Structures are given as structure tokens and as C-alpha cells.
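Bear in mind that the values here come from a model prediction, so they are computed numbers and not experimental data. Note that these values count all heavy atoms, side chains included, but never hydrogens, waters or copies made by symmetry.
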Amino acid sequence: MRLDGARVLITGASSGIGAATARAMADAGALLVLAGRDRKRLEAVAAETGGRAVVADITTGARALARLAGSIDILVNNAGAGWAGAFARMPPDRIEGLVTVNLTAPIELTRLLLPGMVEAGRGHVVFVASIAGAIGVGREAVYSAAKAGLVAFADALRDELRESPGIGVSVVLPGVVDTPFFERRGAPYDRPWPLPMPPERVARGIMAAIRNERSESYVPAWLRLPARLRGAAPGPFRRLMRRFG
């Protein structure tokens, strides 16, 4: 799908992967609608990329965001949040909030914008999931479950749209990314390996997924191996996780 002149909505665009994707999209000639909650940062990214900033919380304002965004060719469902700690001590409101921002809200936003793409006969929907959604990560149980749900939803939606050849659905599963995500989840990233990668690397993965109509992309690509090992040999996979996690 061509990006030059395409109208693109990116959620979670005020920092991290969303901001990096906005810059990459702007360089490709896309017309941007950028959504996020941090007005100051969002407007800075909009000024840098020539995009239009829409301050919105997708967990409560998906309908308003869809209305303000208007006709969209590409939707990048990037907004998300994490929480790290023992599940038994996780506050109930955090469970609901995590599921809403990582799963329910992107599903709802897609529901609102997809009919316009189908009517136009062209469009692409990207879901930014996580490797945690493919393998499950201890002390991130709810986050892992929500991202796994996003992967399954993307698979099902892609199958449903097989008779709409102009519509693409991609899921991108990044590994550890150097963004404010870990500060906001309340616990720093403290594993010795793998090292966090810059968000620009994930942005390149998102761009490639759209251009090449890839259904599933791991960033970096080697993450596909542990995901496949988990499905084929869960016992050995868990032993390796305990050794290197």
C-alpha cells in the first residue's frame, strides 16, 4: 500500500513507538492525525511532522476520536500501557484499565473506522502488540493476556476480510523497546538480555508491514523463534525462560 498521500491515524503518538512512526510516516509523505493524552508532547510531534494533534484518551473517547479523525486510510493502533508485579497483588482497577487500553479500545476504534475503509475499497489496520502476547511473561500476566487477545483479534479480522482484498491487517510484535513505557508501568526493565532497542526500529517494522502487507511481524525478527518454540515445545521453552529471564 502506498504511504504517500495516505491519511494515517496513529494512537499513542506523543512519544516512543508512536512518535517514531509519525516521523517515518511523515518522511514517506503521509498525512497524519496524531492521537495521545500528553498535549505538550503530542503537539511537539505534530509540529515536527506536519500532523494534526488530537488530544484524546482512547479508553473513553474512541468515538470522539474517530469522528475528529474523519476518513482514514491507515490506522495504527499503538497506544498501550503496562503493569509489572505479582498478579495476586494487582489492584482490580488496574486489571480493567490494562485490558481496556491494550485490547478493548483498539478493537472499538477499529470497529468505528473500518467500515469507511471497506466502503472505499482500500485501507490498512496495524495492531502494535508485544512479544509478551506470543509467549506470556511472568509478572506481566494481564498485559500478556491483553496483547495475546490483540493478536488473536487481528488474525480473526484478517480472515473475515479475505473477501475485501483492498484491506490489510497487520500485527507487529516488538520486543523490549527503549521508551517511557517502563517508567509508566511502575517498574524498570531490569533483565540483562535482550537489550532495549530504539523505537525507530519498531517504526520501520510497522512501515514494512504496511508496504508489504505482512500479516505478522516480529521486531527484531529473531523473536519469531521463541514464539514458535513456545508453541512446539512449551516445556523446554519455559526452562529456557527461567534460565535466561
(request) Would you mind checking if E43 and R39 are paired as a salt bridge, meaning a charged N to carboxylate O distance below 4.0 Å? (result) yes
(request) Taking the side chain as every heavy atom from C-beta outward, state whether N77 and L75 have any pair of such atoms under 4.5 Å apart. (result) yes
(request) Side-chain contact test, heavy atoms from C-beta onward, threshold under 4.5 Å: evaluate it for L3 versus M207 and give yes or no. (result) yes
(message) Can you confirm whether R228 is buried at CZ, in the sense that more than 12 heavy atoms of other residues, nucleotides or ligands lie under 6.0 Å from that atom?
(response) yes
(message) Let me confirm one number: the CZ-CD1 distance from R211 to I206, rounded to the nearest 0.5 Å.
(response) 12.5 Å
(message) Could you measure the distance from the CZ atom of R162 to the CG atom of L157? Nearest 0.5 Å is fine.
(response) 12.0 Å
(message) Taking ring pair (Phe, Tyr, Trp, His ring centres under 6.0 Å) as the definition, give me every residue that meets it alongside F153, ordered by chain and number, with sequence neighbours left out.
(response) F127
(message) Between V33 and L68, is there a side-chain heavy-atom distance shorter than 4.5 Å?
(response) no
(request) Give, for atom CG of L32 and atom OG1 of T49, the distance between the pair rounded to the nearest 0.5 Å. (result) 5.0 Å
(message) For the CZ atom on R63, are there more than 12 heavy atoms of other groups (residues, nucleotides or ligands in this structure) within a distance under 6.0 Å?
(response) no
(request) Answer yes or no: is there a side-chain heavy-atom contact under 4.5 Å between D73 and H124? (result) no
(message) With a 4.5 Å cut-off on side-chain heavy atoms, are I74 and M1 touching?
(response) yes
(request) Mind running side chain to side chain contact (heavy atoms under 4.5 Å, CB included) on Y218 and I131 for me, showing each step along the way? (result) CA-CA 8 Å; Y218 288 83; I131 186 59; 3.8 Å; yes
(message) Set out, in order, the CA-CA distance, both residues' side-chain angles and the distance that settles side chain to side chain contact (heavy atoms under 4.5 Å, CB included) for I58 and L65, then state yes or no.
(response) CA-CA 7 Å; I58 63 167; L65 174 57; 3.8 Å; yes
(message) Does atom CZ (R37) have a neighbourhood of more than 12 heavy atoms from anything else shown, all under 6.0 Å?
(response) no
(message) Between R122 and E213, does any NZ, NE, NH1 or NH2 come within less than 4.0 Å of an OD or OE carboxylate oxygen?
(response) no
(message) Any non-hydrogen side-chain atom of V219 less than 4.5 Å from a side-chain atom of M197?
(response) yes
(request) Would you please test R41 and E48 for salt bridge (Lys or Arg N to Asp or Glu O under 4.0 Å) and show each step? (result) CA-CA 11 Å; R41 288 186 175 185; E48 181 182 355; over 6 Å; no
(message) With heavy-atom distances below 4.5 Å as the criterion, would you say the side chains of L114 and L161 are in contact?
(response) yes
(message) What I want to check is whether the side chains of D38 and S15 have a donor and an acceptor closer together than 3.5 Å.
(response) no
(message) With a 4.5 Å cut-off on side-chain heavy atoms, are L34 and V54 touching?
(response) no
(message) Please tell me whether L150 and I210 are part of a single hydrophobic cluster in this structure, the criterion being side-chain heavy atoms less than 4.5 Å apart.
(response) no
(message) Using side chain to side chain contact (heavy atoms under 4.5 Å, CB included), reason through L109 and L9 one step at a time and then give a plain yes or no.
(response) CA-CA 11 Å; L109 190 58; L9 171 60; 4.2 Å; yes
